[in-house]
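A short worksheet on the structure shown next.
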Amino acid sequence: MLNIEDIRKEFPILDTLVYNRPLVYLDNAATTQKPKCVIDTISEVYSTMNSNVHRGVHHLSQVATCAMEKSRETVRDFIGAKECCEIIFTRGTTESINLVASSFAETFMKEGDEVIISTMEHHSNIVPWQLLQERRGIKIRVIPLTGNCRLDIEAYRNLFNEKTKIVSVAHVSNVLGSTNPIKEIIEIAHNHNVPVLVDGAQSIPHKKINVQELDADFFVFSGHKIYAPTGIGVLYGKKKWLEAMQPYHGGGEMIKSVSFSKTTFNELPYKFEAGTPDYVGIIALGRALEWVNSIGIENIASHEQELTRYAVEQLNTIPGMRIFGEPDSAAVSFLVGDIHPADIGTIIDRLGIAIRTGHHCAQPLIDHLGIPGTARASFAVYNTKEEIDTLIQGIARAVKMLS
Ligand code: PLP
């Protein structure tokens, strides 16, 4: 059993009053709040070891470089990767997907080749492929959904042909809060010798991830959704793919030697980390993952799943409630009657309750559902059932005002 009250004390922002009421922060799928140890780490790095990494022979540079590379090892261990060189630091999920789309396509795809994505993808797993469609004539095939908003796996099987070069799908939907059968998806793709990119933005904070067990070819996530600072993220890639792929950005750090006639690239992971990395963010990401380890990701997952079950149960007591999909992770999307979700969000904000409303950067899914958007409550380890009760009272009040 987790002591949630003790955990809450580690998050300074949770003491905030919003319109004179205690903050009820249920927008964790957008970004999580940060524990004090992560906030302190940022200040500590600037106060005690700030120096550009990898380049200096001097003491501070070596201390900062060691701390950054220790974080790479923490990330490797956290996601069960085989080698540290398979961990590339990026700005987040979006940059990681853009990196793979760009570098993979440049190396392995030609006009007419196909990528498979799904109806429930976040825009950041749609638009990078559309850019390739425009620039390089690559085709996008889309996995449809079943009636209960699950991926239609039979239809997915039928999307493969000799032109399919990569599959790129979300592990957990940021709108529906449902988990896709990612192992099966990967197995099916591998039977066609096609690699799979897993968008782990919404799974990494809520599930034990082992990229080797999943046999994922690429796994991407953002630090800020797992208690780390904004602006730092990860691309895991199997070494065989990363070694073969062209670099994404060019610049310092990613080269072995440069002359005007020929440049040779650095080894992994540096080949994909051009320029000064966000070493402060990287070190703080390592600290955040250590913090998660100290609580235990399985403990976090079971607490959040319990909150999700409770939220679904309580939401369903509100007349006219519609919950979309089958949430099993840490987010629930809903509408009440024909009330616009933004109206609910705005009214309950005055009660100190933060939820997200709108299309959640997944417009094709929202169009598929034929709705203007949803209201989404999403949970983290510091949330409580009492906060869900406050949410339910808030929604009931908003519905009363708006009906
Ligand atoms: N993919 C999914 C499933 C997401 O939920 C998000 C963010 O909400 C992203 C990608 C993009 O993440 P970021 O904006 O941190 O790059």
Side-chain angles (χ1 to χ4, degrees), residues 25-34 75 79 88-102 115 117-131 142-143 145 149-151 167-182 185 196-207 209 216 218-236 248 278 281-282 284-285 288-289 304 308 324-325 327-333 354-366 368 373-380:
Y25 185 77
L26 300 175
D27 192 18
N28 295 285
T31 199
T32 53
Q33 300 302 346
K34 318 303 170 200
V75 173
I79 63 170
I88 314 286
F89 289 115
T90 64
R91 286 188 297 136
T93 306
T94 302
E95 188 176 52
S96 298
I97 298 174
N98 275 277
L99 190 163
V100 175
S102 173
V115 53
I117 61 174
S118 89
T119 309
M120 64 169 76
E121 297 312 311
H122 189 281
H123 295 165
S124 61
N125 195 23
I126 301 174
V127 183
W129 304 108
Q130 283 175 332
L131 291 174
V142 182
I143 310 171
L145 303 185
C149 290
R150 293 280 174 188
L151 294 184
V167 172
S168 190
V169 287
H171 194 175
V172 172
S173 160
N174 65 310
V175 179
L176 307 166
S178 53
T179 307
N180 291 322
I182 203 67
I185 288 169
V196 178
L197 182 156
V198 180
D199 174 350
Q202 297 295 340
S203 61
I204 194 84
H206 313 297
K207 283 185 196 316
I209 300 294
F218 302 99
F219 186 95
V220 300
F221 69 92
S222 302
H224 70 95
K225 294 191 196 281
I226 181 162
Y227 312 105
T230 52
I232 190 68
V234 170
L235 159 63
Y236 157 79
Y248 178 50
D278 178 7
I282 292 168
L285 168 64
L289 298 183
E304 291 167 340
T308 303
F324 295 92
D328 59 29
S329 184
V332 185
S333 259
I355 59 164
R356 189 141 295 237
T357 62
H359 56 59
H360 314 292
C361 295
Q363 273 182 356
L365 172 60
I366 297 295
H368 167 84
T374 73
R376 181 189 70 188
S378 54
F379 313 115

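Positions are given from 1 along the sequence. Values reported hereafter were calculated over all heavy atoms of this structure, with side chains retained and with hydrogens, waters and symmetry mates removed. All ligand and atom numbering here is 1-based and tracks the order in the structure.
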How long is the gap from CG on L151 to OG1 on T119, to the nearest 0.5 Å?
->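 Output value for this atom pair is 7.5 Å.
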Could you walk me through whether D199 and K225 pass the salt bridge (charged side-chain N to carboxylate O under 4.0 Å, His left out) check?
-> CA-CA 13 Å; D199 174 350; K225 294 191 196 281; over 6 Å; no
Which residue holds the protein heavy atom closest to [atom], what is that atom called, and what is the gap in Å?
atom: atom 4 (C) of ligand 1; result: H122 CD2, 3.3 Å
atom: atom 1 (N) of ligand 1; result: D199 OD2, 2.6 Å
atom: atom 5 (O) of ligand 1; result: Q202 NE2, 2.7 Å

Please report the shortest heavy-atom distance between H359 and Q363, naming the atom on each side.
->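 It is CD2-NE2, 3.1 Å.
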Taking all atoms of both residues into account, what is the closest heavy-atom pair of F379 and E304, and its distance?
->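 It is O-OE2, 3.8 Å.
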Test item, [X] contacting ligand 1 (heavy atom, 4.0 angstrom):
X: S124; result: yes
X: N125; result: no
X: R91; result: no

Are T179 and S329 linked by a side-chain donor-acceptor pair shorter than 3.5 Å?
->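 No, no side-chain donor-acceptor contact under 3.5 Å.
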Between T93 and S222, a side-chain donor and acceptor under 3.5 Å |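 The criterion, which ignores hydrogens and geometry beyond distance, is satisfied for S222 and T93.
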Between A170 and ligand 1, which residue portion shows a heavy-atom distance shorter than 4.0 Å: side chain, backbone, both, or neither?
->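 Under 4.0 Å from ligand 1, A170 contributes no heavy atoms.
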Do K225 and ligand 1 have an N or O pair less than 3.5 Å apart?
->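 Yes, since at least one N or O of K225 sits under 3.5 Å from an N or O of ligand 1.
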Are the side chain of N28 and the backbone N or O of S378 linked by a donor-acceptor pair below 3.5 Å?
->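 Yes; at least one donor-acceptor contact below 3.5 Å.
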Which is closest to atom 14 (O) of ligand 1 in terms of heavy atoms, V172, N174, T94, T230?
->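 The nearest heavy atom belongs to T94.
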What atoms of ligand 1 come within less than 4.0 Å of a heavy atom belonging to H224?
->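 In order of number, 15 (O).
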Identify, by atom number and element, the atoms of ligand 1 in contact range of S222, meaning under 4.0 Å from any of its heavy atoms.
->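 So the answer, numbered in order with elements, is 12 (O), 13 (P), 15 (O), 16 (O).
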Begin from the C-alpha positions of L285 and V234 and carry the test side-chain contact (heavy atoms from CB on, under 4.5 Å) through to its verdict.
-> CA-CA 10 Å; L285 168 64; V234 170; 3.9 Å; yes
